[in-house]
Amino acid sequence: FATTGEKYTNAARKAARNLRQAMPDAQIDLFTNQKIDDTVFDRIHPIKTDFFRPKMEAMLNSRFDRSIYLDSDVIVLCDVTEMFDVLDFSDLAMAHARSREQKFMRDDSVPRAFPVLNAGVIAFRRTRQVQGLIRQWLRKMQETGAEVDQGWLRELM
């Protein structure tokens, strides 16, 4: 999980407790700008930037070779270990987002057949290519001040 501000950090604490019920042995890390001590997390990492989308920093600094990033509003109801199995075949895995609204599409040069991906649940391997994609995604978000991250992720992919 990655959060800025008390509201999102409290949401991540709740989400982590749900995850812990579904997967008691999961390693759960939080990247945050908040000073907290909560045993639901195995590790709490201070984030280095004030950028409102800390997920990219968390993904770049994950301590694992294979990780699942979750937004703080994701509620895990069952074991999601099989997401790691997808990483045997791909460096990156995400579900299609439900929406095809223009605000999520960002660029008309990408065919509508290429879906918007849900950037709130991302399974990834720490590879040079994935790290490069995340850095580009972060840079585009910061340069443009985009409020929605799925559009740039879709275009870069």
Side-chain angles (χ1 to χ4, degrees), residues 1-19 27-38 40-76 80 83 86-87 90-157:
F1 295 97
T3 63
T4 55
E6 184 177 1
K7 175 183 170 185
Y8 293 107
T9 302
N10 285 337
R13 293 167 93 168
K14 180 180 178 184
R17 282 184 171 65
N18 284 325
L19 174 59
Q27 292 288 303
I28 306 173
D29 285 10
L30 172 67
F31 288 78
T32 186
N33 67 350
Q34 301 295 291
K35 299 276 187 201
I36 69 161
D37 183 23
D38 192 328
V40 73
F41 300 108
D42 292 287
R43 293 194 187 168
I44 299 173
H45 309 270
I47 58 173
K48 297 177 176 80
T49 65
D50 289 331
F51 186 58
F52 79 105
R53 292 277 188 218
K55 72 175 70 176
M56 292 89 162
E57 182 176 333
M59 291 172 68
L60 288 169
N61 293 298
S62 173
R63 63 187 168 111
F64 304 104
D65 290 330
R66 294 172 178 226
S67 300
I68 299 173
Y69 166 80
L70 300 173
D71 272 353
S72 63
D73 62 351
V74 171
I75 304 299
V76 176
V80 297
M83 291 179 68
V86 176
L87 299 177
S90 178
D91 290 346
L92 190 65
M94 292 172 275
H96 293 186
R98 295 180 302 131
S99 178
R100 292 201 183 230
E101 291 180 51
Q102 189 60 40
K103 72 178 181 178
F104 296 115
M105 303 297 254
R106 215 205 77 68
D107 186 353
D108 291 333
S109 69
V110 178
R112 286 184 53 82
F114 188 83
V116 176
L117 300 169
N118 182 342
V121 180
I122 305 172
F124 63 98
R125 290 182 7 188
R126 186 178 25 213
T127 64
R128 188 176 47 82
Q129 293 86 355
V130 170
Q131 295 279 300
L133 173 68
I134 296 167
R135 284 187 189 92
Q136 285 182 308
W137 185 24
L138 175 59
R139 187 171 45 254
K140 289 293 188 181
M141 290 290 298
Q142 290 174 326
E143 287 173 355
T144 64
E147 293 184 24
V148 178
D149 56 18
Q150 288 95 332
W152 273 116
L153 179 60
R154 177 177 177 266
E155 185 174 327
L156 290 168
M157 290 191 64

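Quantities reported herein were computed from a predicted structural model and do not represent experimental measurements. Note that the numbering runs from 1 along the sequence shown for the chain.
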Task: Neighbour count >12 (heavy atoms, 6.0 Å) for atom CD, Glu6 - done: no
- [ ] Inspect the surroundings of CD in Glu147 and state if more than 12 heavy atoms from other residues, nucleotides or ligands are less than 6.0 Å away.
- [x]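 12 or below, so no.
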Measuring from [X]:[atom1] to [Y]:[atom2], what's the distance to the nearest 0.5 Å?
X      : Y      : atom1 : atom2 : value
Asn10  : Lys7   : CG    : NZ    : 11.0 Å
Glu143 : Trp152 : CD    : CH2   : 8.0 Å
Arg125 : Ser62  : CZ    : OG    : 13.5 Å
Leu19  : Lys14  : CG    : NZ    : 14.0 Å
Arg53  : Gln142 : CZ    : CD    : 12.5 Å
Ile47  : Glu57  : CD1   : CD    : 5.5 Å

Open item on the list: So, using side chain to side chain donor-acceptor pair (under 3.5 Å) as the criterion, who are the partners of Tyr8 when residues are at least two apart?
Closed with: none
Task: Residues in side chain to side chain donor-acceptor pair (under 3.5 Å) contact with Asp149, at least two apart in sequence or another chain - done: Lys55
Please name all residues satisfying salt bridge (charged side-chain N to carboxylate O under 4.0 Å, His left out) with [X], sequence neighbours left out, ordered by chain then number.
X     : answer
Asp38 : Arg13, Arg17
Asp37 : none
Asp29 : Arg63

TODO: Say whether Thr32 and Thr9, considering side chains only, have a donor N or O and an acceptor N or O under 3.5 Å apart.
DONE: yes
- [ ] Spell out, as yes or no, whether a donor-acceptor pair under 3.5 Å connects the side chain of Arg126 to the backbone of Asn61.
- [x] no
TODO: Examine distances only and state if a side-chain atom of Asp42 and a backbone atom of Ile28 form a donor-acceptor pair shorter than 3.5 Å.
DONE: yes
Task: Sequence neighbours excluded - salt bridge (Lys or Arg N to Asp or Glu O under 4.0 Å) pairs with any residue from residues 133-142 - done: none
Taking the side chain as C-beta and beyond, is there a heavy-atom pair between [X] and [Y] under 4.5 Å?
X      : Y     : answer
Gln131 : Leu60 : yes
Val121 : Met94 : no
Val74  : Asn18 : no

Would you name the heavy atoms of [X] and [Y] that are closest together and state the gap between them?
X      : Y      : value
Gly5   : Asn33  : N-OD1, 3.0 Å
Tyr69  : Ala119 : CE2-O, 3.8 Å
Asn118 : Ile122 : O-CG1, 4.2 Å
Ala93  : Leu87  : N-CD2, 4.4 Å
Phe1   : Ser72  : CD2-CA, 4.1 Å
Leu30  : Ala2   : CD1-N, 4.2 Å

- [ ] Let me know which of Met157, Met59, Glu155 forms a side chain to side chain contact (heavy atoms under 4.5 Å, CB included) with Trp137.
- [x]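 Of all the options given, the one that passes is Met59.
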